[in-house]
Amino acid sequence: MEFLGYRRPDGRVGTRNYVGVLSTVVCANEVAEDIARQVDGAVSFTHHQGCCQTPLDIRRVTEVLTGLGSNPNLAAVLLVSLGCESTEIEKVVAGIRAAGKRVEVIGLQDIGGAARTRAEGTLIVQDMVAEASRAKPVPCPLSDIVLGMKCGSSDTTQGLSATPAIGRASDAIVAAGGTSVLGEITEFIGAEHIIARHAATPEVAAQILALVDRMESRAKAVGCDMRGGQPTGGNIKGGLTTIEEKSLGAIAKGGAAPIQAVYEYGQQPRVKGLVVMDSPGREPEILTGLAAAGCNVIAFATGRGAPQGFPFVPVIKLTGNARTWEHLRDHIDMSVAGIIEGTESLPQAGERLLERIVAVSSGERTRSEITGYTRAMDIYVTGPVI
Amino acid sequence: MRYDAIAINNQDNVATALRVLQKGETVLVGVGDGTMAVALVEDVEFGHKIAVHDIATGDDIIKYGEVIGRATKKIPGGAHAHVHNIESLRGRGDLE
């Protein structure tokens, strides 16, 4: 099985060929958006960080912007800066350049205001798109897929259909030598001892338990017990009996492959196979984290129908809920409701999803791309805004 | 083949009802890659679980091929398996 992708100078493969206009700080968002809007083939990334934060979070913002700019779905990158922010722009530039891409920076305070920055940035991005458009997609093996996985807006069907279907597709990609990234550490709570048993080594198991502990400790520090009240009264009424069961339904996305490594939020995996990345479950932060980690396609299970996509990584939505499929057609890419209706087996659904991942990676557009619902993005930070 | 309840893994001893199941009917359960027939000994709501065979007190409850809890009493095959006869090994939110 092969897909048609854009092989980049660093060897990674893009499933899209955009020019990225990345805002380096919340204060430059409007200009970055305006520039991308004026150039066909350009997309912007905006967020609410980059200034008045702890040194730890500033380092996070710097690293995540570097990861996003290095994502193989971007052919070239323009960074739009204010000028006085804390984001370490030289490091971002050096990191993206190391991936072998053209990267330039323009700043409002340097050039002299939004209008001039828009004009100059637009000309640079037009030029970048002209260059990028010369790239031709080439056949690539499944081992070049870096699949991000996510579930959200869940229902009773999800843990029985859409998430295990993603698990099957993930297993196939891993077996073919590809990479699959499991985030949403909050979903591990209650089943972390089981997930840890899927670790390839005792060190990885200890890292998984430490991630869960850190996530819980952060919540406890502000007086919130994330374990309390789980499963909820509503969950129990719906048929979920224990917290282990609830968490397993979510992490069924990871399939049966062993977990090879654990990474911090937005870090690029250095190994192939199934890996775990620290991240919360909320859409903007996890989609951004998966993109920064270099995921070139994302599979997203949703029972009730989550609409979110991401600016430059295609997000394939699948649901096991027949009503959601009929009702939210402009947000959902495929139905695996046949599993719930007893008309399709889980292996068949997993195989169909794998085919869809290959098609989308080769250029087939997702519903969120077609509808333009692709602005779910922000960088996950853990400290206070100062 | 249209089944009435589903278990994800071949080792699972509980399956989730895909419709309202009624006492007395024999239902088709998809288990892993195969199927089995189970006679219902009580009514079970959509989304709730049934035991696919007899489960002894103290036995592990297996779903997704993993332990999701322990039987607090004997659960006959075809019976409703839920909070009244299963306890978490990790605590339960609505009681603690």
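Computed from a predicted structure; not experimentally measured. Note on naming: letters A, B, ... go to the chains in the order of the sequence lines (proteins, then strands), and numbering restarts at 1 for each one.
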Nearest atoms (heavy-atom pairs only) where A:Thr241 meets B:His82: OG1-ND1, 2.7 Å
Side-chain (B:His48) to main-chain (A:Leu240) donor-acceptor, under 3.5 angstrom: no
A:Arg197 to B:Glu66 - nearest heavy-atom pair and separation: NH2-OE1, 3.4 Å
Spatial distance of atom OG1 (A:Thr343) from atom OH (B:Tyr3) [nearest 0.5 Å]: 7.5 Å
Enclosure of B:Lys23 NZ (heavy-atom neighbours >12, cutoff 6.0 Å): no
Side chain / backbone / both / neither for B:Ala81 at chain A, heavy atoms under 4.5 Å: backbone
Largest heavy-atom contact set with chain B, pairs under 4.5 Å, which of A:Asn235, A:Leu160, A:Leu346, A:Ile340: A:Leu160
A:His327 NE2: over 12 foreign heavy atoms closer than 6.0 Å: no
Any donor-acceptor pair under 3.5 Å from A:Thr242 side chain to B:Ile68 backbone: yes
Side chain, backbone, both or neither of A:Glu192 within contact of chain B (heavy atoms, under 4.5 Å): side chain
Side chain to side chain, A:Ile194 and B:Tyr64, heavy atoms closer than 4.5 Å: no
Inter-residue atom distance B:Ile8.CD1 - A:Leu248.CG, 0.5 Å rounding: 11.0 Å
Close approach to chain B in residues 198-221 of chain A, criterion heavy atom under 4.5 Å: A:His198
Greatest number of heavy atom pairs closer than 4.5 Å to chain B - which of A:Ser247, A:Ser161, A:Ala191, A:Gly238: A:Gly238
Nearest heavy atoms of A:Glu244 and B:Leu89, plus distance in Å: OE2-N, 2.9 Å
Neighbour count above 12 (heavy atom, 6.0 Å) for B:Arg19 CZ: yes
Listed once per pair and sorted, the side-chain hydrogen bond (donor to acceptor under 3.5 Å, both in side chains) pairs that draw on residues 173-186 of chain A, sequence neighbours left out: A:Lys150-A:Glu184, A:Ser170-A:Ser180, A:Glu184-A:Lys253
Toward chain A, the part of B:Val67 with a non-hydrogen atom under 4.5 Å: backbone
Structural part of A:Lys237 lying under 4.5 Å from a heavy atom of chain B: backbone
